J.: 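Sending over a structure as structure tokens; questions will come in a sec.
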Amino acid sequence: VQLQASGGGSVQVGGSLRLSCVASGSRVMATSMGWYRQGPDEQHDLVASITTYGKENYVASSKGRFTISGDGANKVFLQMNSLKPEDTGVYYCNLEEKYMDYDGDWEYRDYWGQGTLVTVSS
């Protein structure tokens with residue numbers, strides 16, 4: 001699975017950006033797609049996600065300002081409004097997939113896009 005992300009850039013406080021991500025390649029059973037931001041510890045912190053059933057999930061700092069859309073399996077978008085300096089970072093597109101292992105148990109694995117930089121300046 002390959003994830004192609006785009007839409008990052010530089011804006012001033014209060015500005016808007018729209019991130020896009022398209023998945024290609026074969027998938028067993030995608031369950032959700034989302035956006036993560038790389039934190040100072042280099043871990044990926046969830047920003048928002050959407051399942052293949054359309055259920056949206058936001059972290060507290062994103063609620064009311066960001067809107068995620070897409071089908072959870074092929075494409076995902078993140079509309080970011082009222083941007084703040086603390087939104088600055090590299091945003092990674094994620095796809096979570098469910099698959100059955102050799103023991104017949106369901107497992108999950110993640111795929112990541114290449115990252116797109118968002119810079120919000122005051």
Side-chain angles (χ1 to χ4, degrees):
V1 176
Q2 294 80 43
L3 302 176
Q4 183 65 44
S6 60
S10 296
V11 295
Q12 293 192 325
V13 170
S16 299
L17 284 172
R18 179 177 169 85
L19 304 183
S20 301
C21 179
V22 177
S24 60
S26 61
R27 278 140 279 172
V28 176
M29 187 186 299
T31 58
S32 68
M33 293 184 73
W35 292 95
Y36 289 69
R37 182 171 62 239
Q38 188 173 35
D41 55 1
E42 299 194 354
Q43 284 193 328
H44 292 175
D45 299 322
L46 176 68
V47 175
S49 65
I50 186 166
T51 71
T52 53
Y53 294 98
K55 178 177 171 57
E56 301 170 21
N57 181 39
Y58 299 91
V59 295
S61 60
S62 302
K63 287 181 180 178
R65 300 188 300 125
F66 296 178
T67 302
I68 194 165
S69 60
D71 62 9
N74 301 289
K75 54 186 182 294
V76 65
F77 309 97
L78 186 67
Q79 178 66 43
M80 303 188 293
N81 298 328
S82 302
L83 282 162
K84 304 176 181 179
E86 51 264 43
D87 297 318
T88 294
V90 179
Y91 285 69
Y92 291 88
C93 174
N94 166 271
L95 183 149
E96 182 186 78
E97 174 183 75
K98 187 176 179 180
Y99 69 100
M100 187 174 287
D101 65 15
Y102 293 112
D103 295 326
D105 298 320
W106 286 104
E107 299 287 349
Y108 293 87
R109 58 191 168 201
D110 292 293
Y111 297 95
W112 298 94
Q114 81 279 15
T116 184
L117 178 62
V118 171
T119 304
V120 184
S121 56
S122 55

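Since the structure is predicted, the reported quantities are computational estimates derived from the model, not experimental observations.
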J.: Give, for atom CG of Leu19 and atom OG1 of Thr116, the distance between the pair rounded to the nearest 0.5 Å.
T.: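 Reported to 0.5 Å precision, the distance equals 6.0 Å.
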J.: Please check if atom CD in Glu42 has more than 12 non-hydrogen atoms from other residues, nucleotides or ligands closer than 6.0 Å.
T.: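 No, because the 6.0 Å sphere around CD of Glu42 holds 12 heavy atoms or fewer from other groups.
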J.: Enter the distance from Ser10:OG to Leu117:CG here, rounded to the nearest 0.5 Å.
T.: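 Atom-to-atom, Ser10:OG and Leu117:CG are 6.5 Å apart.
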J.: Measuring from Leu95:CG to Ser32:OG, what's the distance to the nearest 0.5 Å?
T.: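 One gets 7.0 Å once the value is rounded to the nearest 0.5 Å.
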J.: Regarding Tyr111 and Glu97, is there a side-chain donor-to-acceptor distance under 3.5 Å anywhere?
T.: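 The criterion, which ignores hydrogens and geometry beyond distance, is satisfied for Glu97 and Tyr111.
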J.: If you take all heavy atoms of Val11 and Ser16, which pair is closest and at what distance?
T.: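 Smallest heavy-atom distance, with atoms named: CG1-O, 3.8 Å.
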J.: Tell me, please, whether Phe77 has Arg18 positioned over its six-membered ring: NZ or CZ under 6.0 Å from the ring centre and within 45 degrees of its axis?
T.: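 Yes, Arg18 lies over the aromatic ring of Phe77.
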J.: Check Val120 against Thr88 and note the closest heavy-atom contact, atom names and distance.
T.: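 Closest approach of Val120 to Thr88, heavy atoms only: N-OG1, 2.9 Å.
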J.: Between Val13 and Pro85, is any pair of side-chain heavy atoms under 4.5 Å apart?
T.: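 Answer yes - side chains close enough.
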J.: Do side-chain atoms of Ser62 reach the backbone of Phe66 as a donor and acceptor pair under 3.5 angstrom?
T.: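 No; judged by distance alone, with no hydrogens or angles, the pair does not exist.
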J.: I'd like to check Gln2 versus Val22 (side-chain heavy atoms, cut-off strictly below 4.5 Å). Are they in contact?
T.: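 Heavy-atom side-chain distance check fails, nothing below 4.5 Å.
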J.: Within this structure, what is the OG1-CZ distance for the pair Thr67 and Arg65, rounded to the nearest 0.5 Å?
T.: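 Atom-to-atom, Thr67:OG1 and Arg65:CZ are 11.0 Å apart.
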J.: Kindly say whether Asp105 contributes a backbone atom to a donor-acceptor pair with the side chain of Asp103 at under 3.5 angstrom?
T.: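 No; zero donor-acceptor contacts below 3.5 Å.
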J.: Could you tell me whether the side chain of Arg37 reaches within less than 4.5 Å of the side chain of Trp35, counting heavy atoms only?
T.: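 No, side chains not in contact.
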J.: Of the non-hydrogen atoms in Met33 and Ile68, which two are nearest, and what is the gap between them?
T.: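 Nearest heavy atoms, Met33 then Ile68: O-CD1, 4.2 Å.
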J.: Check whether any side-chain heavy atom of Trp106 lies under 4.5 Å from a side-chain heavy atom of Asp101, and answer yes or no.
T.: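 No. Closest side-chain heavy atoms not under 4.5 Å.
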J.: Output, in order, the C-alpha distance, side-chain angles, deciding distance and verdict of side-chain contact (heavy atoms from CB on, under 4.5 Å) for Leu17 and Leu83.
T.: CA-CA 8 Å; Leu17 284 172; Leu83 282 162; 4.1 Å; yes
J.: Ala23 and Leu3: which non-hydrogen atoms are nearest, and at how many Å?
T.: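 Result for this residue pair: CB-CD2, 3.4 Å.
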J.: Under 3.5 Å, is there a donor on one side chain and an acceptor on the other for Asn81 and Gln79?
T.: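 Looking only at side-chain atoms, Gln79 and Asn81 do form a donor-acceptor pair, the distance falling under 3.5 Å.
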J.: Could you measure the distance from the CG atom of Asp87 to the OG atom of Ser61? Nearest 0.5 Å is fine.
T.: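 Between atom CG of Asp87 and atom OG of Ser61 there are 7.0 Å.
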J.: Find out whether Tyr91 and Met80 are in side-chain contact, i.e. whether some heavy atom of one side chain is under 4.5 Å from a heavy atom of the other.
T.: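 Side-chain contact under 4.5 Å: yes.
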J.: Do Ile50 and Asn57 come close enough that some side-chain heavy atom pair is under 4.5 Å?
T.: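 Ile50 does not reach Asn57 side chain to side chain.
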J.: Could you tell me how the ring of Trp112 sits relative to the ring of Tyr36: parallel (under 30°), tilted (30 to 60°) or perpendicular (over 60°)?
T.: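 Rings of Trp112 and Tyr36: perpendicular, over 60°.
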J.: Shared ILVMFWY cluster between Met100 and Met29, side chains joined below 4.5 angstrom?
T.: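 Yes; Met29 is reachable from Met100 via cluster members.
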J.: Between atom CD of Gln4 and atom OG of Ser20, what is the distance when rounded to the nearest 0.5 Å?
T.: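 Rounded to the nearest 0.5 Å, the CD-OG separation comes out at 10.5 Å.
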J.: Is the shortest heavy-atom distance from the side chain of Gln38 to the side chain of Tyr92 under 4.5 Å?
T.: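 Yes, side chains in contact.
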J.: Are Lys98 and Arg109 packed together at the side-chain level, in the sense that at least one heavy-atom pair is separated by less than 4.5 angstrom?
T.: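 No, side chains not in contact.
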J.: Would you kindly say whether Gln12 and Ser121 are connected by a side-chain donor-acceptor distance under 3.5 Å?
T.: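 Distance-only check fails for Gln12 and Ser121.
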